[in-house]
Amino acid sequence: MRRTLLSLAAVLALSIFTPAFAQEPQHGGTLKLHWGTLDTADFHRHTGTISLPHVFAETLTTISKDGSPKGLLAESWTISDDGLIYTFNIRQGVKFHNGRVMTAEDVRKNFERIQREVKGGWLTSAMEQVESFSAPDEKTFVVKLRAPFAPFLNLIAEGWILAPESPGWDANITQPIGTGPFTFDSWTPQIAIKGQKFADYWMEGKPYVDAIEFDVREIADASLALRAGDYHAADIPLSKIDALKADGIAIDFSGDTSWNFLSFNNRKPRPPFNNVRVREAIAYAIDKAAIMKIAAGEYGMPGNQMVTEGNFFFDAGLAANDKHAKPDFERAKAILAEEGVDPGDTTIYMISELNNRTAAPIAQILRQLGFKVDNKPFDDLGFQRALSEYDWDVFPGGSGPRNDIFLRYVRMMSDGPNPGLWGGVQDPEFDALVKAAISTVDKNESRALYLKAWRRVLDNYYTVVLGHSPGAYGIRPEVHGLTIGFNTSAHRADGGVAFTWIEQ
């Protein structure tokens, strides 16, 4: 299934985008998009947003279509043989949106702010490894680590560089001044973000459009608005792909997948879910294939890991021996009986996101086992608050593409960012294995350690992986040059909104 999906994406990319490069790009127009959210204007403090900041503020590296780091504000870099010293050659002539030329010293100040001020964000683990930052001259930025940190280049693709004179620098930045192709002009939370073309942008001749607008409202299905021309491009439900293609809308996929899971409250578990065998019983009752069919149609890929086939960190043996690959309802009921659990005595408090397609079928499975289920759906901000209070039993959720496998593991660590999605796991042995995995320069050793950590997740049923699905995006025929990357970031070194133009 994974190979078929990738083949489809490749064919679509070739058939959709080749004609665009045969034409001369046109300048002008406002590019209107619907995908992603923004949780803070202080990009250093983000805990969930990777889609939109790059449009306004750039990073030393970005993640290319194939998932590898590529230079953006860094033209190149070298790494010492022991993996401790990273030396970045900073791109020259890049200007902040206030007109000032960016220097290596600005980069140093940003990294020092992140290390000093940001607690619990994506870069926290990386910053803990840093011994020093320095800028020996205007074009050289040096990072010295205390120990090797394998994900470093991928993680700093979320270390946005802002002008230190950005309002709120000493507290919370309210108006980010970056170097991106568009200026950050206005943000109405959960409504819209708007920006104008930056005339002095460093990529010669880009961006092509005059302005950009992101609709960041929570819309379950943007396909009708896409058809009507309200958006030039939008994230779309997988179920609408065929209908949109029939209307002449091009489809592109993200290179990485999102994954669906059912998590248990691991921080404050209430009986009977403090019993690992009860969690195992529920895993036996779940029909992964059916639920992924509901969630993603023909694009759903049932599984039991954080990644899918084709990813370096995927383990074929684990996949082949998934004892929950098919549902076994009788086994589930037998385990509950063995543990002396009468499901009728328990009301399961479920938290879910609005429009989550897996919540209803999972609730139905739990009811078929005899449990009562109280499902409370929340909007994006509400469910994160509710999760962090740990006053719940199960959470059917999902998580999107990430720059590095570590960014999936770190959220299950005891002090990881946004740990609520996986019930606030507190497992020192898991933590130690992940820390060892990121502290080696040997990729094979790192993979083996990650897999040992994942075994603990499987054995303790902290979460039950349901499967994976790709992110799909519809692009109107008048739009040229827009390609979707490995993750959901709208701008990267090898594509995105800076390369996009609208046929007039």
Side-chain angles (χ1 to χ4, degrees), residues 1-6 256-264 266 273 275-296 298-339 358 361-362 365-366 369 394 396-399 402 405-406 408-409 411-413 422-423 425 427 429-434 436-437 443-470:
M1 181 61 186
R2 178 62 175 166
R3 288 189 295 270
T4 302
L5 175 63
L6 291 175
D256 195 15
T257 57
S258 297
W259 59 306
N260 295 91
F261 48 82
L262 176 69
S263 288
F264 296 95
N266 296 293
F273 301 105
N275 184 338
V276 68
R277 296 212 70 213
V278 174
R279 301 197 295 269
E280 179 184 9
I282 288 177
Y284 270 114
I286 294 173
D287 188 337
K288 294 183 181 183
I291 289 178
M292 288 309 300
K293 181 81 171 177
I294 292 169
E298 65 181 286
Y299 298 94
M301 298 170 280
N304 68 338
Q305 297 172 60
M306 287 185 175
V307 294
T308 57
E309 185 180 359
N311 188 294
F312 175 76
F313 296 97
F314 177 81
D315 186 85
L318 279 181
N321 294 291
D322 181 5
K323 62 183 181 181
H324 303 299
K326 294 182 180 180
D328 189 339
F329 216 74
E330 294 307 312
R331 180 69 179 136
K333 291 192 291 185
I335 291 175
L336 293 175
E338 290 167 10
E339 297 304 309
T358 67
I362 288 175
I365 288 170
L366 295 173
L369 278 174
V394 298
S399 185
R402 294 288 174 239
I405 188 70
F406 173 66
R408 293 189 167 176
Y409 276 91
R411 296 177 82 175
M412 287 191 188
M413 296 179 73
W422 291 277
V425 176
D427 184 341
E429 187 172 337
F430 176 89
D431 296 345
L433 286 166
V434 174
K443 198 170 184 180
N444 290 313
E445 182 182 356
S446 178
R447 178 180 181 274
L449 290 163
Y450 274 132
L451 289 172
K452 283 184 180 179
W454 187 246
R455 281 282 189 187
R456 292 198 58 78
V457 174
L458 296 178
D459 292 344
N460 289 285
Y461 290 91
Y462 297 137
T463 191
V464 178
V465 178
L466 305 174
H468 290 251
S469 60

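Numbers here are sequence positions counted from 1.
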### Query
Please walk me through it: do Leu262 and Thr463 pass side chain to side chain contact (heavy atoms under 4.5 Å, CB included)?
CA-CA 6 Å; Leu262 176 69; Thr463 191; 5.6 Å; no

### Query
Passes side chain to side chain contact (heavy atoms under 4.5 Å, CB included), Asp427 versus Arg456? Steps please.
CA-CA 9 Å; Asp427 184 341; Arg456 292 198 58 78; 2.8 Å; yes

### Task
List the steps and the verdict of side chain to side chain contact (heavy atoms under 4.5 Å, CB included) for Met306 and Val465.
CA-CA 8 Å; Met306 287 185 175; Val465 178; 5.9 Å; no

### Task
Run the numbers on Phe261 and Ser399 for side chain to side chain contact (heavy atoms under 4.5 Å, CB included), then give the verdict.
CA-CA 9 Å; Phe261 48 82; Ser399 185; 4.1 Å; yes

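Every residue two or more places apart in sequence or in another chain was checked for a ring pair (Phe, Tyr, Trp, His ring centres under 6.0 Å) with Trp454, and none qualifies. Looking at residues two or more places apart in sequence or on another chain, you find a side-chain contact (heavy atoms from CB on, under 4.5 Å) between Ile365 and Ala285, Ile291, Phe329. For Asn444, the side-chain contact (heavy atoms from CB on, under 4.5 Å) partners two or more places apart in sequence, or in a different chain, are Phe312, Asp442. For Asp315, the side-chain contact (heavy atoms from CB on, under 4.5 Å) partners two or more places apart in sequence, or in a different chain, are Gln305, Leu318, Arg447, Leu451. For Ala289, the side-chain contact (heavy atoms from CB on, under 4.5 Å) test picks out Asp287, Pro302, with sequence neighbours left out. Remark: Arg455 engages no residue in a side-chain hydrogen bond (donor to acceptor under 3.5 Å, both in side chains) (not counting sequence neighbours).
Residues Tyr461 and His324 place their aromatic rings such that the two centres sit under 6.0 Å apart.
A salt bridge does not link Glu338 to Lys333: none of the charged nitrogens lies less than 4.0 Å from a carboxylate oxygen. With salt bridges taken as basic N to acidic carboxylate O contacts below 4.0 Å, one links Glu280 and Lys323.
Of the residues listed (Thr308, Asp256, Asn311, Thr257), the one engaging His468 in a side-chain hydrogen bond (donor to acceptor under 3.5 Å, both in side chains) is Thr257, and it is the only one.
Across all non-hydrogen atoms, the minimal contact from Trp422 to Asn266 is O-ND2, 2.8 Å. Scanning both residues, Tyr409 and Tyr450, for their nearest heavy atoms gives OH-O, 3.1 Å.
At distances below 3.5 Å, at least one donor-acceptor pair connects side-chain atoms of Lys288 with backbone N or O atoms of Gly303. Between the side chain of Asn460 and the backbone N or O of Tyr462, no donor-acceptor pair lies under 3.5 Å.
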